[in-house]
Structures are given as C-alpha cells and as structure tokens.
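First up is the structure itself, then whatever we jot down about it.
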Amino acid sequence: MPIHRPSIGLLVNATTPNVMAESGDLVEHLSINPGQFFCDLGPDSSCGERFILPQATLDLLGILCRGRPITAHAFSLSLPSAQPVDLGVVEAIQRVGDHLGGFEWISEHLNLLMVPGAEGPHTDTGIPLPVSYDEEHLCLLSEKLRLVTERFQRRILLENPAILTPLEEMEMNEVEFLNRLFQQGRCGVLLDLHNLLVSARNGGPSIEAYLAGLDPLAVEEVHLAGGELLNGFYVDSHSQLTPDEVWTIATDYLPACTNLKAITFEYNDSNYDDIGLSSICGELERMHALADTCHHFSLTN
Amino acid sequence: MMIDLQKATAEITASTALCVAVRDNPQLLDQRYSLTAREKRQLLAMANHPGMQASCTLYRINRLVPLIMNLPQTIEALGSGLEPLLVAYWEEHSCGYRYSYVECERFCNWLRERSHLWGATPDRVRHSLAAEESRLQANLLHVMA
C-alpha cells in the first residue's frame, strides 16, 4: 500500500503557469476557486441561461491541472447565510469539477458572504463577515452541509475565518463550533494558519488557545499565506510569503493532524512580481520539508 | 432574528454613515431590524469595534476594484465627483455582485441616470461611459460565446 504525506499545492491564479513551469514537481495539487470559472448572470438572465462557463478558459485550466489532484476552494455558497442553499450554484461548481475530472473535496468559508433576502441576485457582502457561533447557526450549517455533501458526493471542509470585528457574547467559541460540526460528521476543517494570526492580532483568540481546543483529527487541509497592515490592522491580503510566526505554529502543530491531506499556499497574482517567482518556489520547497514531518497515511484512511 | 442579525452585520459594514449613526443612536437598530437583546449588544459592540474602520475600508476597496478594472476611463473622468457618487451608489446598493460584468452593468445604468452629477467634464464622462459599456457588453458576449 503506497504511503503518502500531505500533498503540497497552490491556489490557482493567473500566474500559476509561471510557477508550474519553474517549479516542476514541487506543485503536487492545485486548488481552484470554481466561481472564477463560471459567470452567474442571475435567474433572470436575458440570454436564457443563468450560468456561463467560458470553454476556452476551462480548457486551459484543464491543461494546467492535468495529472494533479484538484480541490475546490469556493466562495459561492455562503453556507452560514440564513437562506436555502443555491442548488444552481452547486450544479455550476459540479460542472467545473466535471470538466477537470472531479474535485477531491470542496472547501467553503465559515463566513457570511451573502446577505439573505438581498436585492435580486445582488447579494455580496463585499467582505467576509463574522458568523454568530450559536445553536441556531450550528443547526442551519449542519443541515446545509448534509445537503451539499449529498449533492457533491464529496467531503466538505470549512475554513476558519480571518476576523477584523469579532462578535461578542457568543454561545460557543469558533473552535467549539467547528469541533461540533466535525463530531456530527458534517465536515472537516480547512485550517488557515494565517487567518489565525490575523484574528489573534486583531483581538481574537490566541493561536495557542485556539489550537489547544481544536480537534486535530478535524484538520484535513492547511492554508499558508501572508498579509499586511491596513489602517493599523493586520489583514489577510495574500500579498506576502508566510510569516515566520506561522511557520513556527505549522511546525509545532501539524504533526498532530493525522488526517491532514494537503498544504496549500495562497498568494494574489497582483502581488506576484513583488513576492517573486524564486521566493514562491522557495516557499514550496519549505512546504515540502514541513510535509515530510507530518503524519504519513495510506490512501485507504 | 438570525436574518436580521446577518442583514445588520452586512449593512453597518457597508455604510459608514449607518455605522456612525448606530454608534450615536443604538435605538436605530430597533427601528430597522428585529433583534434579540443579545444580538443588539453584539451589533453595537461590532459597530464600536476599532476593526470596523479596516472592515469598511476593505469593503470599499472590494466594491471599487471591479469598477476600476472594467470602467477605468469613466472612473477617471468623474474626477472629484467620483467619491460622492460611489458613496451614494453603495448606500443605495449595499450588496455587490461577484461577477464584475454584471455589477459594472448595474453601475453604468445607475450612473447614466445621474448625468447632473458628472462633475466638471460631463462630455468626457458620457464618451467614456458609452465606450466602456460597449466593451463590457462585448466581453460578456465573448464569455457567452
């Protein structure tokens, strides 16, 4: 039985082909935001079709992804929103996945990304907003996760958010909320270590306390990234390499995550020139060294 | 109510004016939304949180970027008239659309109806708007092809 350690990959952007050309086998998987590969014209679309998939772009993406496992990192469902799951969007995500040979799993965000009952198809919150961790939201998410898991026939992961304005007086903390969903069998966790740093620097829980409470078995993917200051607040801008503080946490914590399957680096294509190709390749090499220290698993677990 | 808590969370982030008004007059929350006492306290704490400034700035950046990317000449032609127009647009339409062509099309329609606010060079705005709206339609048709 082949033994694997967590796979190393990138969140796809317009500069990913440059990195792939330079770094060869350092990129073992690719994560894509399927919403970037369909256009939602809304239910009242004048052309009669709600979703348009740009075939030429998808074909290029297919070439880029060929031979590598693909995961979906979606922003389109806003699962915590108090509204039914948009099954049209679920189908559009599936169509993108089918074009690429299927997603290994699908991750979404533990953020409010759409406002329930907003005007027509215009529902974007503009920025990811905090969710109140209470029984009502837990029930809502649990049922929606059950539904989307059934529809996708894939494991769903939820990503911990980067919060600038944490809500107070919640019935449970974020870790308890995620642990409960995991224990119910509804989802795994995409642990964004940089988001933990953002939240901690902006008045959220300490990273040590957070990780001491989180069930390490829940962690199935990890995101690494870097950020910057905006008006005195540290934000998750994906504009830098992963800071040393995050590397230290990753080195200490990830070996305990025995279900960890993938470690993914996120950077913005608009920051590609500033970060530099050689630095991105160096980051990938460092991620491989990290993965070597993590739990190794057979493909059956 | 969960729906109203979520709506209020989004609206006080989208509108600096509303956020400031809620800080000054917490009763405004009762007038606009149906909230439990705890939800009201959560929203008040959020409106007063120092991170709201960064959240509101990020909101504006995220709403502005698609317009700059797709309508650069129109945005430039509006000059000093741009900021009040954007504030008015975002007050009226606090939710965006993740597909920038659709969002920009809505902004173009909205802007066309407000030619009296086009600032010092209305002819330049008219010309830029017409050209960039056509390009937007062409891009959309290209995607659909």
Side-chain angles (χ1 to χ4, degrees), chain A residues 35-36 38-42 45 47 49 52-57 75-76 78 80-83 112-132 134 136-137 140 163-171 202-204 229-237 270, chain B residues 1-15 19 36-66 69 90 92-103 105-106 139-145:
Chain A
Q36 291 180 325
F38 60 79
C39 183
D40 182 355
L41 300 177
S45 160
C47 78
E49 267 195 78
I52 304 296
L53 277 69
Q55 194 62 39
T57 308
F75 290 77
S76 308
S78 190
S81 294
Q83 61 191 13
L112 194 65
L113 299 164
M114 292 180 200
V115 186
E119 166 200 4
H122 296 269
T123 59
D124 258 28
T125 55
I127 64 167
L129 293 170
V131 174
S132 183
D134 52 34
E136 196 181 10
H137 278 87
L140 174 85
I163 295 295
L164 291 170
T165 53
L167 289 176
E168 297 178 358
E169 284 191 62
M170 291 197 276
E171 290 173 15
N202 296 320
L229 285 172
L230 173 74
N231 295 345
F233 282 82
Y234 187 67
V235 297
D236 182 41
S237 57
S270 57
Chain B
M1 279 178 63
M2 186 197 279
I3 287 182
D4 277 25
L5 172 67
Q6 295 188 352
K7 276 186 186 170
T9 304
E11 287 173 7
I12 62 172
T13 306
S15 168
C19 184
T36 65
R38 183 172 65 100
E39 288 168 342
K40 189 178 164 187
R41 289 195 300 274
Q42 286 179 313
L43 286 164
L44 276 177
M46 187 179 163
N48 284 288
H49 193 279
M52 272 310 283
Q53 193 194 355
S55 286
C56 290
T57 303
L58 278 176
Y59 170 88
R60 289 175 172 224
I61 291 170
N62 289 343
R63 293 292 306 270
L64 182 57
V65 165
M69 299 276 284
W90 293 334
E92 201 171 316
H93 299 291
S94 65
C95 290
Y97 199 83
R98 66 190 60 238
Y99 296 96
S100 59
Y101 295 155
V102 180
E103 171 66 16
E105 192 177 40
R106 179 173 67 166
N139 286 341
L140 199 51
L141 288 171
H142 178 70
V143 169
M144 289 159 61

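Lettering of chains follows the sequences in order, A, B, ..., and the numbering in each one begins at 1. As a basis for the values below, the full set of heavy atoms in this structure was taken, side chains included, without hydrogen atoms, waters or symmetry mates.
Heavy atoms closer than 4.5 Å to chain A are found in both the backbone and the side chain of Y59(B). With a threshold of 4.5 angstrom between heavy atoms, L140(A) approaches chain B through side-chain atoms but not through N, CA, C or O. For S55(B), the parts sitting under 4.5 Å from any heavy atom of chain A are the backbone and the side chain alike. Of the two parts of T57(A), neither the backbone nor the side chain holds a non-hydrogen atom closer than 4.5 Å to a non-hydrogen atom of chain B. For V131(A), no part sits under 4.5 Å from any heavy atom of chain B, backbone or side chain. Looking at A14(B), there are no atoms closer than 4.5 Å to chain A (heavy atoms on both sides), in backbone or side chain. Only the side chain of L129(A) comes within contact range of chain B, with at least one heavy atom under 4.5 Å from a heavy atom of that chain.
Taken to the nearest 0.5 Å, the CG atom of N62(B) stands 9.0 Å off from the CG atom of D124(A). For the atom pair OG of S81(A) and NZ of K7(B), the computed distance is 12.0 Å after rounding to the nearest 0.5 Å. Here the CD-OG1 distance, from Q53(B) to T165(A), works out to 13.0 Å after rounding to the nearest 0.5 Å. Atom CE in M46(B) sits 9.5 Å away from atom CG in L164(A) (nearest 0.5 Å). Atom CG of D134(A) is separated from atom CG of L5(B) by 8.0 Å, given to the nearest 0.5 angstrom.
For E105(B), there are no salt bridge (Lys or Arg N to Asp or Glu O under 4.0 Å) partners, not counting sequence neighbours.
Counting all heavy atoms, side chain and backbone alike, F38(A) lies closest to Y99(B) at O-CE2, 2.7 Å. Nearest approach of D40(A) to V102(B), heavy atoms of both residues: O-CG2, 4.1 Å. Residues L41(A) and Y97(B) approach most closely at C-OH, 3.8 Å, considering heavy atoms. Shown here for A82(A) and Q6(B), the closest heavy-atom pair between the two residues is N-OE1, 2.8 Å.
The neighbour count for M69(B) CE, taken as heavy atoms of other residues, nucleotides or ligands under 6.0 Å away, does not exceed 12. Heavy-atom contacts from other residues, nucleotides or ligands closer than 6.0 Å to CD of E168(A) number 12 or fewer.
When E169(A), M114(A), Q83(A) are compared by the number of non-hydrogen pairs under 4.5 Å with chain B, E169(A) comes out ahead. Counting heavy-atom pairs under 4.5 Å between each of R60(B), M2(B), R63(B) and chain A puts M2(B) at the top. Between chain A and the options H49(B), E11(B), E103(B), M1(B), the largest number of non-hydrogen pairs under 4.5 Å is found for H49(B).
Although no hydrogens or angles enter the test, the distance criterion places no donor-acceptor pair under 3.5 Å between the side chain of N231(A) and the main chain of A54(B).
Residues of residues 37-44 of chain B that come within less than 4.5 angstrom of chain A, heavy atom to heavy atom, are R38(B), R41(B), Q42(B) in numerical order.
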